[in-house]
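Order of the sequence lines fixes the chain letters, A, B, ..., with proteins taken first and strands second; residue numbering starts at 1 for each chain.
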Amino acid sequence: MKNGARRVAPDAMDRWPEERLAKFHLHKIRQLLRHVYRQLPFYRQRLARAKVDPEQVKTLGDLARIPTFSKQDVLQEIRRQGRFDFGLETIARRDPAVLCMTSGTLGSSFLYLPRKWRALRGDSLLRAYWWAGLRPGMRMLMAVPAWHSLAVQESRVIERLGVSTVVPWGTFLPRNAGNFIDAISDATPDFVSIFLPMLFAILAECRRRGAKPATVFKSVQSILAVGAPMTPRSRQQLVHELGVGDIFEGLGNPEGLTAMECASHCGHHIFVDCCFVEIIDPKSGAPLPVGQRGNVVITTLIPHGSIFLRYDTEDLGVILPGACACGRSWPRMEVYDRRANEVEIAGQRIVPYDVRICLDELPELVNLPFAVVRGETKMERLTLLMQKPASGNLEEIQARIANLLRKKPNVEAIQEWAEELPQRWKGVTVIEEKDWRRARV
Amino acid sequence: MNRIQILLQRAAKAPLYRKKFAHLKPGTVRDLRSFSAKVPPTRLEELAAETPKSAGPLSPRLCAGRGPRAIFQLEYDTQPALYVALDRADLRGYVEVLKHCWSLAGLRKGDRVAIFDYGTSPLSYLAASSFTPYLDRGAADLLGCLPVCNDGVANMSPRAVEILRYVRPRVFFIRHDCLHALAVEIERQALRLADYTQALVAAENESLLSDAERSSFEKRLGVPIYRLLRIDAAMFLAMECPRCRMLHTRRDSYFVETLPEEDDAAESPLVVTNWFAGNSPTVRYLSQVRGSLKPSGCPRGPKDLRIAV
Ligand SMILES: [Zn+2]
Ligand SMILES: [Zn+2]
């Protein structure tokens, strides 16, 4: 390793034994609790209402006594107080900051992100880019510029590693795919950081232009994709089609979570240097054991800017059992979808990702758009809307999918084919039955 | 050596200028007068035409740089696409101009400022060091403001309104093509914009909102609207002065000329030479914006370059 690289290479914290990590977490969380109790009205009130004294939290298990909160609570406070800063943020006047926004169907909330936050979160994120192969002196394509909270962290990673960066004009909407193709062809980056839906938009644009994706991505050694889950087959197919060394999937949220695949591609290691993750039962709120699906609840370990302590992301996820082949001790998780995208079929709760896994068993269907149609009443069978593949016998494919779905997740399915899914449904994998019916007439 | 000679020497390292200035004999360009007379202007079409089609340097005017750079694709619909590369020093020079624009718009320490534009617009990426690699201090860091950005897509207007409601920025910068959508959203929500911000600043690359459009939006929205001119290929920014209503920019950052045309019109195309862009030298860039140069002396910026448009 060259000197410059050695200076910024991640430390060995990702191999700390479990007990040492637990001790680290308890220490950080107790510090954070004291801080929020003293300084932040939002938490002081919540803790008082729940009759929790921060000093009573003596084990990580005690953390469960602190009530969780979700986006809805945040939005309610913003609206009630009529201001972005409603008492959840540590504001140090001397530390320059930016405001970023989180989006969502419910509305936008604000994140107060000072330089100290950027330094800690960005340095943590550097490990993810390092795992994916980014090294000093390389050139990388930046996923998001300026306004997105990822840019605040990514720009720090870029500076620390001393890589050059290229930014395509516009934003990550399908209509800008051409700009991304130009930027990759012209600037020949070694590394691409991108939103997964944008990668699919680039592939579609390559088809439209008659360009070979592997030619466009000729210079690219690896890709770090975020923004949507990829199934193993989908990843393999993309690696093949783009002709890149590997594609790594990262996941996270600006409130605190970073999780990243290692080269084993068996789940995402939680970046526990900055975040503590719990999976809870959405109904009872009780923490769930490893291996069980539930709501992802995060606690940031960064005491600067907006602080999220037991924040229920309303994402559906799981902490995976067992150790990773890579030997790192950081626990691994999977996040499947927003909880809101879960549908119940004959008593079984499934998300589109479960369907995607089955569809990807058929080479003709890998990465092809589909949607789950959610009924207005109780559903006994799953209704799937799928885009017709370029080749293959539809009846045969249909029968094979039905069989796969019957095995796991164990549901009966009705399938409908569409020449092409309407643009607005692309990337939206759950559609409501009434919208679907309206679109058909 | 004066700054003209330093610029020409630097530019000579870029393929485009090496070819273009081959006829210039050493010593013929000594001052701004001989510079204007002897150095031919560069058009946008030339930048595109001279861009190598494959596997060459990214831009025909790119100089070999030291250290890492941030490379931005520009907002022009040329084929091939155009880029500028900026290292720390270039970004330092560029941000000084944006800071100047912000000050002229009335922004001071402690203010909040909103930007409704793409993250790839210099309006956004120069706003804060946290947004852009190698930007040591952004305009907000220099002035002590708190910035918030919204992606520059018209259908993000509801989010822009949330910024107005809950952040109450003193000044709200906006891409010209988002103005209409924002106005519609403000009307839909029956908001009195003046309760939430003091002024809008409409910005555009190599173009400006017309007076008629401006007054119609001002009437509709009930706040003053100022204009900000971007000439991204020249890394140029100029802000309309609330007092004299001319565009102001920093004299230390640019040399601006107008290119007289045969029809003797009052306004001629602006030609920009950039003094700070070391990696992508800009020597007499012929813009698509017409204006006329006016003497300095506005109390809001006594030394500023002033352009009437
Ligand atoms: Zn691993
Ligand atoms: Zn003036």
In terms of heavy-atom proximity below 4.5 Å to chain B, should [X] be classed as side chain, backbone, both, or neither?
X	result
A/R94	neither
A/Y112	side chain
A/N179	both

> Most heavy-atom pairs under 4.5 angstrom with chain B, which of A/S219, A/P96, A/A97?
Replying inline: A/A97
> Of the listed residues (A/G170, A/P168, A/A183), which shares the most heavy-atom pairs with chain B below a 4.5 Å separation?
Replying inline: A/G170
Would you say the side-chain atoms of [X] and [Y] include a donor-acceptor pair closer than 3.5 Å?
X	Y	result
B/E206	B/S287	no
B/S121	B/R175	no
B/R159	B/N150	yes

> Between B/Y166 and A/F110, what is the ring plane arrangement, given parallel below 30°, perpendicular above 60°, and tilted in between?
Replying inline: perpendicular
> Is the A/F195 ring parallel, tilted or perpendicular to the A/F172 ring (thresholds 30°, 60°)?
Replying inline: parallel
>> With chain A as the partner, which of B/P147, B/A114, B/C149 has the greatest number of non-hydrogen pairs under 4.5 Å?
In response: B/P147
>> Below 4.5 Å, heavy-atom pairs only: which of B/A70, B/S129, B/A81 has the largest tally toward chain A?
In response: B/S129
Structural part of [X] lying under 4.5 Å from a heavy atom of chain A:
X	result
B/R137	neither
B/R165	backbone
B/L135	backbone
B/S124	both

>> Are B/R10 and B/C63 packed together at the side-chain level, in the sense that at least one heavy-atom pair is separated by less than 4.5 angstrom?
In response: yes
> Does some side-chain heavy atom of B/V148 sit less than 4.5 Å from a side-chain heavy atom of B/V113?
Replying inline: no
>> Could you check whether any side-chain N or O of B/Y94 sits under 3.5 Å from a backbone N or O of B/L86, counting only pairs where one atom can act as donor and the other as acceptor?
In response: no
>> Could you go through A/S108 and B/E162, starting from their C-alpha distance and side-chain angles, then the distance that decides it, and tell me whether this counts as side-chain hydrogen bond (donor to acceptor under 3.5 Å, both in side chains)?
In response: CA-CA 7 Å; A/S108 311; B/E162 292 189 271; 3.0 Å; yes
>> Checking an interface table here. Which of residues 154-167 of chain A come within a heavy-atom distance under 4.5 Å of chain B?
In response: A/S155, A/I158, A/E159, A/G162, A/V163, A/S164, A/T165, A/V166, A/V167
>> Closer than 4.0 angstrom, basic N to acidic O: yes or no for B/R192 and B/D195?
In response: yes
>> Strictly below 4.0 Å, N to O, side chains only: are B/E185 and B/R188 in salt-bridge contact?
In response: yes
